[in-house]
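Below, chain A is the first sequence line, B the second, and so on; all start at residue 1.
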Amino acid sequence: MKKIVSIALVMILALGALTGCGAKVGDTGTGKEASGTVVTAGSTSVQPLSEELGAAFMDANPGISVEVQGGGSGQGIKAIQEKIADFGALSRNVKEEEKTSVTEEIVIAKDGVAVIVNPESKVGNLTLEQIKNIFTGKISNWSEVGGENAAIVVVSREEGSGTRGAFTEITKVMEKNEAGEEIDNTTKDALVQGSTGAVMQTVATTPNTIGYVSLGSLSDTVKTVNVEGVTPSEETVLSGEYRISRPFLYVTGGELTEAAQIFIDFVLSEEGQAIVEESGFIPVI
Amino acid sequence: MKTYEKIIEKIILISAAVSTISVALITVFIFQSGLPVLAEYGICEFIFGTTWSPTNGSYGILPLITGTLSITLGALAIGIPTGIACAIFLSEVLPKKAAKAFKSAIELLAGIPSVVYGFFGLVVIVPAIRSYVLPIYQIFDPEVSATGFSILAGSIILAIMILPTIVSISENSISAVPREFKEASLALGANKGETIVRVLIPAAKSGILSSIILGMGRAIGETMAVILITGNMAKVPGSIMDPVATLTGTIAMEMGYASPTHQQALFAVGIILFLIIMLLNMIAQFSMRGLGGKAS
């Protein structure tokens, strides 16, 4: 009997210690001064970068806290309209109808995706339309785009990957269906690899493959394809000539607070842009 | 009872409780996180749906289940005969000293990190299948084109990975068969081969079976190596040259950036994986009990 009681006691104690796990850790709204907080909200593609920048910024400026929220690019515009964020984060250009609510657009980084093929491939240039059709499976033989008569092996990234998100969005592989839902039409016959390195290794060693990796991590084990005649590079991305690229914007809806001004200065400083580069994006200065 | 004995007893009790509680907590956590999606999406649609495309809201995991089962079966088909043959060779054919060196080399295999196996598979096995196995395959079906990322590649690598488990446990149990069994068999005029097949293996059956079960557990749960070499194509495979995605590989790859519903769906995949492993363990244990009864 004694034994059972003590076993039960130990179990209860252990469980008691674990109930602490149930509390949400996300409550950050305590003990901050209004002047000392910078809020960014918007694109989930910019979110990881904002978090990195925010963390480094808070290390350097302990008095100011940076809060990063997601929601999507549209949410970024909404957040500055409703004045619930200092910066709206966008991973696309500001649309015409949104221009009225935006006072300033600040490009903090650029994101580019390179299309790569096996080094033995004869194809050196593809149009955006061809790329879209290859990745949706409508074009399945290299001869249709000027290569040899061989089946195209598409190599894609896993669902939810940021690179896949950027690539499918820009090339329109991801499109709205009739009901208005975003549908990722990447062919089901695609090999899927879970990292940039694995995609490069696969494309480098497997004949007739085509894949995509973020521009920052290209190496010469694979052949890079020109898109609409433009070679992907930092310069062509920054100038906007290379089409599979997108800007990361912070937009503002009015006067910046002092804290927000210090934050944006930090983002555009050498230190901030070094973080941009480390995160795999292209710095703007 | 002395005080320190009591204290030590409590410490041991807590240690024992930790492992039990861990199992309970993990189970509760996985089920809690995954069940809402299962309930909302429908268990049948989830298990028998053939489209896994979380971004588009379809969560059918039949391709993942067939993927996991096919490479596990493939690994066992290659690994069991090789492993048992190797165990017999070590315990019955090789002289003791050579066997020791041989065995420690095999056990070294167990210490290699799985991602290294995966990389080896990616660089060696996958191209080898493309250039040597594919031409043989094409004799029968000239239409086939394959990249080498396949069930076959996954099975070969997994078979190598489960070899140490199968070999060392089988070898131990074959060596543990009493000398008298062997001597009696030889005395009755059976030759070495007959003695091994008719006497030693049946006597060591339960050990060999448990080595297979442990190997199977490792094969089903293996993730890193498999991600790199099976191609991760969420499609029900038609042949051993087809790429497949596995349950574990999908969870590992997609968990990082998954949206909330997607994440819940991955936990639901975890539930299914959990249930499959439990089921296989139960089947294995029952069959072992049955066999063990006959053997003794």
Do B:F149 and A:T202 pass the side-chain contact (heavy atoms from CB on, under 4.5 Å) test, and can you show the C-alpha distance, the side-chain angles, and the key distance before you say yes or no? CA-CA 9 Å; B:F149 291 93; A:T202 306; 3.3 Å; yes
Is any side-chain heavy atom of A:P207 closer than 4.5 Å to one of B:R130? yes
Could you tell me which of B:S53, B:A234, B:P243 has the largest number of non-hydrogen atom pairs under 4.5 Å with chain A? B:S53
Separation between OG1 of B:T147 and CG of A:L191, rounded to the nearest 0.5 Å: 4.5 Å
Would you say A:K223 has more than 12 foreign heavy atoms packed within less than 6.0 Å of its NZ? yes
Does A:E148, at its CD atom, have more than 12 non-hydrogen atoms belonging to other residues, nucleotides or ligands within less than 6.0 Å? no
Measure the NZ-OG1 distance between A:K188 and B:T50 for me, rounded to the nearest 0.5 Å. 8.0 Å
Donor-acceptor pairs are to be reported for all side-chain atoms of residues 23-45 of chain B against protein atoms at under 3.5 Å, with residues two or more places apart or in another chain.
unit_1: B:T27; atom_1: OG1; unit_2: B:V23; atom_2: O; d: 2.5
unit_1: B:S33; atom_1: OG; unit_2: B:F29; atom_2: O; d: 2.7
unit_1: B:Y41; atom_1: OH; unit_2: B:Y59; atom_2: N; d: 3.0

Measure the spacing between CD of A:Q193 and CE of B:M253 and express it to the nearest 0.5 Å. 7.5 Å
Within the supplied structure, the quantity of interest is the number of heavy atoms (other residues, nucleotides, ligands) at a distance under 6.0 Å from B:F119 CZ; does it exceed 12? no
Within the side chain of A:E159, is there an N or O that forms a donor-acceptor pair under 3.5 Å with the backbone of B:T55? yes
If we check side chain to side chain contact (heavy atoms under 4.5 Å, CB included) with B:M233, which of these qualifies: A:D189, A:V154, A:T187? A:D189
Highest number of heavy-atom pairs under 4.5 Å with chain B: which of A:S195, A:A150, A:A190? A:A190
At a 4.5 Å cut-off on heavy atoms, which part of B:P54 comes close to chain A: side chain, backbone, both, or neither? both
State which residue, out of B:V123, B:L228, B:V126, fulfils the side chain to side chain contact (heavy atoms under 4.5 Å, CB included) condition with A:Q201. B:V123
Counting N and O atoms only, with roles assigned by atom type, does the side chain of B:N56 sit under 3.5 Å from a partner on the main chain of A:I183, one being a donor and the other an acceptor? no
